There are 2 protein chains.
Amino acid sequence: MANIHQVAKHAGVSVATVSRVLNGQNSVTAKTRIKVEDAIKQLNYEPSLLGRNLRNSESRLLLVLIPNISNPFYSEIINGIENTAIDLNYNILLCETDTNPDRENIYFDLVRKKMADGIISMDPAVNVETLTKLGKTHAIIQCSEYAVDSGIPYVTIDNLEAAYRAVKHLIRIGHTRIALINSDQKYLYARQRQLGYQKALEEHGLHMDEELIFHTQGLGFEYGQQAMKKVLSQKQRPTAIFAVSDLLAIGALKEIHSHSLKVPEDIAVVGFDKIAFSNMTHPTLTTVAQPMYQMGTIAAKMLVDKIQGKEVESLILDHELVIRESTLG
Amino acid sequence: MANIHQVAKHAGVSVATVSRVLNGQNSVTAKTRIKVEDAIKQLNYEPSLLGRNLRNSESRLLLVLIPNISNPFYSEIINGIENTAIDLNYNILLCETDTNPDRENIYFDLVRKKMADGIISMDPAVNVETLTKLGKTHAIIQCSEYAVDSGIPYVTIDNLEAAYRAVKHLIRIGHTRIALINSDQKYLYARQRQLGYQKALEEHGLHMDEELIFHTQGLGFEYGQQAMKKVLSQKQRPTAIFAVSDLLAIGALKEIHSHSLKVPEDIAVVGFDKIAFSNMTHPTLTTVAQPMYQMGTIAAKMLVDKIQGKEVESLILDHELVIRESTLG
DNA sequence: ATGAAAGCGCTAACAC
DNA sequence: GTGTTAGCGCTTTCAT
């Protein structure tokens, strides 16, 4: 593997000139440029990013912290991040935290040790103090979930409003006994969506029955299924379910079916996120669409801006209620 | 941000000694070590990986090339890769190729330019020649899919045998008219699974009807749905479907339902991969379990071995037919 | 337009 | 056990 010195020697120029050619500076004669390019080709030279990055004090790597890679909600976001990163000549270091502080700390070290230029965090609650502190000295953006007073810019949607509209839809089509399948209250979105649920009920003079609120221990469908089991064991069964994620809603759907009940005839179901699979269930799932791809795109742009020292403002994106079969009739 | 020199100065020792402390060498007096550690703490020093990596001519990054991040089949594999990488003190650079040669080339450059120490490729067919060539000079492992004569080690399963068993199961429970929903034949696994399908039919003296073989243009469920539409438009409807992936099978399921047909009563369905969703469908999906997590684990180990110059052997892992509701009765 | 040389932050060979 | 120093491969300032 040749280095820049050998190229310079072979081309009969100085390393500075080679570097100029490499970086497309126009202060090089066409003739000299040709010589250098020939040498590069002949020696099969590839400039080392290790050298360049050290010199430039940057890694051109963005750390993406994601709780769980298997959750399809994040796939779309990552898509947006990656495409934007590529455009801006960055690459992403995808890191799964499993909501584990130790794990997250390993990844934080990458930015502390200059192996990453900044962080997009999607699970800031894991380690709020550390994140907040790190945010003072390093470029960080929060995406979807955010720690409110971390002072770190975020991009997200209005979860309260979105949940409010979802539940209002259920009320509008005649439901009065609506269960909430929520995840752990440690998540900001969980608290916000619950507030939206309450707001809708109150606004329509419906009694908010604590017995109709179920909290899951995890985010996978199996937890939706478990929760639904509890819902169905109630003496007075609700006629509708609002689940705070499609995954939970799909688990609920499964459980409803296994009791030979029909959706939406016996029970209507609304999910949240509009993951691809929500359109493949039987029946298809009414859900709240989040602009996942766009959110990723924006988070990446914000982060690169931040890295470059620009001012960055938090952003709240639009959502949309998508009515499908699970709430028909 | 302090550097090693400032730490050395502050501690009253040389940079070499600081480096020794940093790397846990035991040739340092306890007293000296303390001094250094104090200085590190006081200065809030974090060693730069940029410097270290340049010096060591390594990046400690593994490039993971994946066709599509939204496909849940890969999520589990990536999980295995990442956990193993962390254990071995590496990190992963996750890159989505979208089966696009240009895109892949951008990523190949990362390893050519020393920003990654090796590659785990999951879609080697995109760019076989380039990959083969790169494999001569760089550490590469193929995972799941592989280019047969690239000479690059791989870890996978026996796709022919797995498909053979899946179809045999359908035959055993009485089906004689079995359609194949296959993806593009450009994929090795698609060709291998089709051979397994044929083998099972032949072995039972069943006629292989070309009209029962359907090729999709893509891998998402919408393509399974499309294919199923064609299947159902046949004059003589098959009684069973073997789809080469769960995603396709789930799309097929959807289409079957929308024709008010019942699975497995009217049509039995078998998928492939055992993705998490395959247990959430209605009915649950009979499928072939691939050891995705283990495959990722092994691929990562193989790659690190290769990077360290060790000999690496290709590996074929076990699979398992998981019989669920979609083929009951 | 080009070259010489310093230096990014680190490790390790060598000397004591 | 510790220090001195070269050098990993690059970019950039300052000369010329």
Side-chain angles (χ1 to χ4, degrees), chain A residues 1-40 43-61 89 109-117 307, chain B residues 1-40 43-61 89 109-117 307:
Chain A
M1 295 292 163
N3 64 22
I4 199 172
H5 277 99
Q6 306 176 25
V7 173
K9 198 176 191 177
H10 194 274
V13 300
S14 74
V15 294
T17 299
V18 177
S19 176
R20 288 183 187 110
V21 172
L22 251 28
N23 294 288
Q25 279 168 256
N26 49 12
S27 67
V28 184
T29 323
K31 215 171 98 185
T32 315
R33 161 165 282 116
I34 306 279
K35 276 197 299 184
V36 173
E37 282 166 350
D38 282 351
I40 290 176
L43 297 181
N44 244 313
Y45 168 70
E46 296 279 357
S48 159
L49 292 177
L50 292 175
R52 170 180 298 173
N53 289 346
L54 170 60
R55 172 59 220 229
N56 294 345
S57 296
E58 63 175 9
S59 65
R60 303 226 65 110
L61 256 29
N89 197 25
D109 263 351
L110 287 174
V111 66
R112 293 195 191 101
K113 297 188 174 174
K114 309 249 166 65
M115 199 54 194
D117 294 342
I307 290 170
Chain B
M1 293 291 164
N3 64 21
I4 200 173
H5 277 100
Q6 306 176 26
V7 174
K9 195 175 191 179
H10 195 273
V13 300
S14 74
V15 292
T17 298
V18 177
S19 177
R20 288 184 186 108
V21 171
L22 251 28
N23 294 289
Q25 278 167 258
N26 50 11
S27 68
V28 183
T29 323
K31 215 172 96 185
T32 315
R33 161 164 283 116
I34 305 278
K35 276 197 299 185
V36 173
E37 283 165 349
D38 282 353
I40 289 176
L43 297 181
N44 246 314
Y45 168 69
E46 296 278 358
S48 160
L49 293 177
L50 293 175
R52 170 180 296 173
N53 289 345
L54 172 60
R55 172 61 219 223
N56 293 345
S57 298
E58 63 175 10
S59 64
R60 300 242 122 209
L61 256 29
N89 197 25
D109 263 352
L110 251 27
V111 65
R112 293 195 190 100
K113 298 188 173 173
K114 308 249 167 62
M115 200 54 194
D117 295 342
I307 289 170

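Here is how names work: the chains are called A, B, and so on, in the same order as the sequence lines, proteins then strands, and each is numbered from 1. What you see is a predicted model, and the numbers here were worked out from it, not measured in a lab.
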Is there a side-chain polar atom (N or O) of A:S57 under 4.0 Å from OP1 or OP2 of C:dC8? no

Residues of residues 18-30 of chain B with any non-hydrogen atom less than 4.0 angstrom from an atom of DNA chain C: list those, numerically ordered, please. B:S19, B:R20, B:N23

For atom CZ of B:R52 and atom C1' of D:dG7, their distance in whole Å: 17 Å

Rounded to the Å, how far apart are B:R60 CZ and C:dC10 C1'? 15 Å

Here the distance between atom C1' of D:dT12 and atom CG of A:L54, to the nearest Å, is 14 Å

Across the strands shown, which category fits A:I4 at heavy-atom distances under 4.0 angstrom: base, sugar-phosphate, nothing? base

Measure from CG on B:N56 to C1' on C:dG9 and round the result to the nearest Å. 11 Å

Grab the NZ-C1' distance between B:K31 and D:dT2 for me, whole Å please. 13 Å

Heavy atoms under 4.0 Å, any strand shown: does B:V15 hit a base, just sugar-phosphate, or nothing? base

d(A:K9 NZ, A:N3 CG) to nearest 0.5 Å is 10.0 Å

Euclidean distance, atom CD of residue A:E58 to atom C1' of D:dC10 [Å, nearest integer]: 12 Å

Take the protein atom NE2 of A:H5 and the nucleotide atom P of D:dT11, then report the distance between them rounded to whole Å. 12 Å

Distance check, rounded to the nearest 0.5 Å: B:L50 atom CG versus A:E58 atom CD? 9.0 Å

What nucleotide among C:dA4, D:dG9, C:dC10 has an atom nearest to a side-chain atom of B:N3? C:dC10

Students often get this wrong, so: under 4.0 angstrom with heavy atoms, is B:N53 touching a base, only sugar-phosphate, or nothing? nothing

Drop me the distance from B:N53's CG to A:L49's CG, to the nearest 0.5 angstrom. 12.0 Å

B:D38 and B:K35 ion-paired at < 4.0 Å: no

Just how far, in rounded Å, is P of D:dC10 from CD1 of A:I40? 10 Å

Nearest 0.5 angstrom please: B:K114 NZ to A:E46 CD, how far? 9.0 Å

To the nearest 0.5 Å, atom CZ of B:R33 lies from atom CG of B:N26 at 7.5 Å

